[in-house]
Amino acid sequence: MFFTVLTIFPEMFDSFWNHGIIRRAIEHNKIVASAVNIRNYAKDRHQVTDDRPYGGGSGMVMKPEPLAAAIRDTAKTLNGAKTVLLTPQGRVFDQKMARELASSDGLILVCGRYEGVDERICHDLIDYEISIGDYVLTGGELAGMIIIDAVTRLIPGALGGEDAAAKDSFSDDLLEHAHYTRPSNFEDQEVPEVLLSGHHQEIENWRLESSVMRTLLKRPDLLHKKNLSRQEREILGKWGREIERILDLYQNGKKGT
Ligand code: 4HQ
């Protein structure tokens with residue numbers, strides 16, 4: 001899969017391409033990634049990419065001609081590429097969207113600066129408008145990195161030796177289970193005994209229960225939109241009954257006094 005980023009600050013990506021999973025995915029030819037300067041496509045002597053807004057007001061707007069030329073020239077060499085504009089007006093990025101994008105051949109990510117890009121770019125040249133969340137950035141570059149990061153780890157082989165189950169669509173929709181490493185006692189806090197037991201099935205069961213209950217307590221909204229497996233429903237049922245039992249004890253106890 002390939003990623004081409006169009007930006008006036010391509011140097012922002014130098015460090016991103018060169019660390020961790022992204023770096024390894026490039027080295028192992030799982031992804032081809034580059035950042036191209038939109039300025040290279042500005043025809044005037046000073047290679048201007050922005051201009052004042054029609055109608056007046058503060059701030060600048062990205063000029064349409066250099067952007068259109070950059071998108072067309074990039075798309076020409078990359079068959080099957082989808083173009084993405086990073087903007088707060090877009091659909092809010094989530095794991096489902098990351099999976100959707102991971103099944104494409106490649107992405108051309110358009111990163112604006114200033115007040116954004118000329119509206120006429122969006123109609124013919126952009127396939128997806130994506131927002132990474134409801135807050136305002138100074139440019140689309142960080143948003144582009146977030147999308148590339150989340151999509152890359154879904155590409156088969158990109159995580160290397162790691163267990164494929166760790167990134168399947170089911171566990172991706174739950175919070176991670178609690179993690180522990182040595183020492184087994186840290187400041188009087190013990191690691192749960194089952195994790196030291198060596199019983200692989202019991203450890204798997206504990207981890208699923210940890211995931212489901214952490215999601216219920218910290219992000220119940222995630223559970224509501226998820227398709228639950230039989231085992232996940234059983235865990236929620238078990239804890240639901242346990243909580244009812246505790247409430248029951250409490251109420252009967254009060255009646256008695
Ligand atoms: N932007 N998700 C780029 C964002 C944003 C977001 C504001 C996009 C500034 C120029 N991008 N313009 N949220 O805040 O993607």
Side-chain angles (χ1 to χ4, degrees), residues 1-17 19 21-22 31 33-42 46-75 81-104 106-154 172-173 219 221-222 225:
M1 169 156 200
F2 57 81
F3 299 101
T4 303
V5 182
L6 305 180
T7 167
I8 59 166
F9 295 134
E11 297 83 5
M12 283 182 73
F13 289 81
D14 292 348
S15 155
F16 180 58
W17 304 141
H19 291 89
I21 300 286
I22 301 294
I31 64 171
S34 63
V36 170
N37 199 333
I38 295 163
R39 206 170 282 280
N40 297 345
Y41 291 90
H46 294 105
Q47 300 198 293
V48 175
T49 59
D50 61 323
D51 204 344
R52 291 174 306 163
Y54 273 121
S58 62
M60 298 294 268
V61 177
M62 304 273 294
K63 286 169 68 62
E65 307 96 313
L67 258 175
I71 294 169
R72 290 205 173 97
D73 189 52
T74 308
K82 295 289 179 196
T83 56
V84 174
L85 176 69
L86 288 316
T87 165
Q89 329 235 334
R91 189 172 132 203
V92 178
F93 187 64
D94 61 8
Q95 193 63 29
K96 179 163 164 267
M97 231 164 147
R99 285 193 289 265
E100 220 173 289
L101 296 177
S103 70
S104 73
L107 300 177
I108 298 170
L109 297 127
V110 179
C111 305
R113 282 269 148 180
Y114 322 112
E115 304 307 307
V117 306
D118 187 292
E119 184 68 19
R120 294 164 294 181
I121 283 296
C122 312
H123 298 143
D124 298 334
L125 293 168
I126 297 297
D127 295 314
Y128 301 100
E129 291 187 13
I130 301 181
S131 166
I132 59 156
D134 294 333
Y135 36 77
V136 184
L137 306 171
T138 61
E141 288 79 8
L142 287 170
M145 289 182 207
I146 283 168
I147 287 168
I148 294 169
D149 194 273
V151 170
T152 295
R153 65 179 287 288
L154 297 178
D172 272 353
D173 292 333
R219 292 293 307 279
D221 55 306
L222 295 181
K225 64 178 179 188

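First listed ligand is number 1; within each ligand, the first listed atom is number 1. As the structure is a computational prediction, the values presented were derived from the model and not from experiment. Just so you know, these numbers use all the heavy atoms, side chains as well, and skip hydrogens, waters and symmetry mates.
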Can you tell me if Ser131 uses its side chain to pair, donor with acceptor, with the backbone of Val92 under 3.5 Å? no
Minimum heavy-atom separation for Leu86 and Cys111, please, with both atom names. CD2-SG, 4.2 Å
State plainly whether the residues Lys96 and Asp94 are in salt-bridge range, i.e. N to O under 4.0 Å. no
Among all protein heavy atoms, pick out the one at the shortest distance from atom 8 (C) of ligand 1; state its residue, atom name and that distance to 0.1 Å. Leu86 O, 3.6 Å
Atom 1 (N) of ligand 1 - nearest protein heavy atom and its distance: Pro88 CD, 3.6 Å
Just jot down the ligand 1 atoms closer than 4.0 angstrom to any heavy atom of Tyr114, in number order. 10 (C)
When you check the gap from the basic side-chain N to the acidic O, do Lys82 and Glu100 get nearer than 4.0 Å? no
Arg113: numbered ligand 1 atoms lying under 4.0 Å from its heavy atoms: 10 (C)
Closer than 4.0 Å to some heavy atom of Val136 - which atoms of ligand 1 meet that? 14 (O)
Do Ile130 and Met97 have side chains that get closer than 4.5 Å, going by heavy atoms? yes
Intermediate values then yes/no, side chain to side chain contact (heavy atoms under 4.5 Å, CB included), Val36 and Thr4: CA-CA 7 Å; Val36 170; Thr4 303; 3.9 Å; yes
Using a 4.0 Å cut-off to any heavy atom of Gly133, which atoms of ligand 1 qualify? 13 (N)
Heavy-atom count check: over 12 atoms from other residues, nucleotides or ligands less than 6.0 Å from Asp14 CG? yes
Option of least heavy-atom distance to atom 15 (O) of ligand 1 (set: Gly112, Gly116, Gly144, Ala143): Ala143
Is the closest basic N to carboxylate O distance between Asp173 and Arg99 below 4.0 Å? yes
Starting from atom 2 (N) of ligand 1, which protein heavy atom do you reach first, and at what distance in Å? Ile132 N, 3.0 Å
Pairs of nitrogen or oxygen atoms closer than 3.5 Å, one from Leu137 and one from ligand 1: do any exist? yes
Looking only at heavy atoms, the pair that brings Ile71 and Ile121 closest together is CD1-CG2, 4.2 Å
Give the contacting part of Thr87 toward ligand 1: side chain, backbone, both or neither, where contact means a heavy-atom distance below 4.0 Å. backbone
Per-atom contacts of ligand 1 with Tyr135, taking only distances under 4.0 Å to non-hydrogen atoms: 13 (N), 14 (O)
So which heavy atom in the protein is nearest atom 3 (C) of ligand 1, and how far is it from that ligand atom? Gly140 N, 3.6 Å
Ignoring angles and geometry beyond distance, decide whether Glu115 reaches within less than 3.5 Å of ligand 1 through its nitrogen or oxygen atoms. no
